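Remember, predicted model here, so these are calculated numbers, not experimental data.
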Amino acid sequence: QVQLVESGGGLVQPGGSLLLSCVASGSIIGINAMGWYRQAPGKQRELVASITSGGSTEYTNSVTGRFTISRDNAKNTVYLQMGSLRPEDTAVYYCNAEIRSSFFRVYREYWGQGTQVTVSS
C-alpha cells in the first residue's frame, strides 16, 4: 500500500530555517498534486503550499516569500524549504498527495502522519 512519511521537523529559533521532506512509497503508478498542510493547537488544519505535477505552486499568504515548495518526481518526494521562521509557524506539518496505485488504479488522496515544527527562543 501507499504511504507518505514526513521528516525534518524540529525546534528552531525565530528567523531560522528548516527543510521538510515527504517521501511517498508503495505500488505507485503516478502522483499528481502534492502539498503541505499544518495544524496549530486550537486551530483548523490549513493548506500551506501546493505543487502540481507540472510544477505550478501556490502558497498561503502568511508564508509567501518565506517558504518554497518543490518536488523530485524521480524520488517521489516533495519538499518544503522554510525560512525566516516565526513563532506563529509552530504547528504539526502534514504531507498530502494525490496518488494512483497499481491496486486502486485511480487517484486518491494520501496523508502523512505529520512532523512537529516549533519556532521558539
Taking all non-hydrogen atoms of both residues, which atom of [X] and which atom of [Y] are closest, and how far apart?
{"X": "Glu98", "Y": "Tyr107", "value": "O-CD2, 3.8 Å"}
{"X": "Thr77", "Y": "Lys75", "value": "OG1-O, 2.8 Å"}
{"X": "Cys95", "Y": "Val78", "value": "SG-CG1, 3.6 Å"}
{"X": "Ile31", "Y": "Ala97", "value": "CG2-CB, 4.3 Å"}

Original post:
Which residue pairs satisfy the ring pair (Phe, Tyr, Trp, His ring centres under 6.0 Å) criterion with at least one member in residues 58-89, sequence neighbours excluded?
Top reply: none
**OP:** Using the ring pair (Phe, Tyr, Trp, His ring centres under 6.0 Å) rule, collect all pairs that involve residues 32-58, keeping only residues at least two apart or in two chains.
**Re:** Tyr37-Trp111
Original post:
After noting the C-alpha distance and the side-chain angles of Thr64 and Arg66, does the key distance pass the side-chain contact (heavy atoms from CB on, under 4.5 Å) rule?
Top reply: CA-CA 6 Å; Thr64 298; Arg66 300 187 298 121; over 6 Å; no
For residues 10-30, please give each side-chain donor-acceptor pair under 3.5 Å, one per line with the distance, not counting sequence neighbours.
from, atom 1, to, atom 2, distance (Å)
Ser27, OG, Ser102, OG, 3.2

Per the disulfide (SG to SG under 2.5 Å) rule, what does the pair list look like for [range], sequence neighbours excluded?
{"range": "residues 41-85", "answer": "none"}
{"range": "residues 32-87", "answer": "none"}
{"range": "residues 36-89", "answer": "none"}

**OP:** Could you tell me which residues satisfy salt bridge (Lys or Arg N to Asp or Glu O under 4.0 Å) with Arg45, sequence neighbours excluded, listed by chain and number?
**Re:** none
Original post:
By salt bridge (Lys or Arg N to Asp or Glu O under 4.0 Å), which residues pair with Glu46, not counting sequence neighbours?
Top reply: Arg38
Quick one: side-chain hydrogen bond (donor to acceptor under 3.5 Å, both in side chains) partners of [X], sequence neighbours excluded?
{"X": "Thr52", "value": "none"}
{"X": "Gln39", "value": "none"}
{"X": "Asn73", "value": "Arg71"}

Original post:
With a cut-off of 6.0 Å (strictly less than), are more than 12 heavy atoms of other residues, nucleotides or ligands near CD of Gln113?
Top reply: no
Original post:
Counting distance only, does the side-chain N/O of Glu6 pair as donor-acceptor with the main-chain N or O of Thr115 below 3.5 Å?
Top reply: no
Subject >> side chain to side chain contact (heavy atoms under 4.5 Å, CB included) partners for Phe103, two or more places apart >> reply: Gln1, Ser101
Original post:
If two hydrophobic side chains count as joined below 4.5 Å and joins carry through other members, does Tyr94 share a cluster with Leu4?
Top reply: no
Original post:
Are Tyr110 and Ile69 co-members of a hydrophobic cluster defined by side-chain heavy atoms under 4.5 Å apart?
Top reply: yes
**OP:** Taking the side chain as every heavy atom from C-beta outward, state whether Arg100 and Val106 have any pair of such atoms under 4.5 Å apart.
**Re:** no
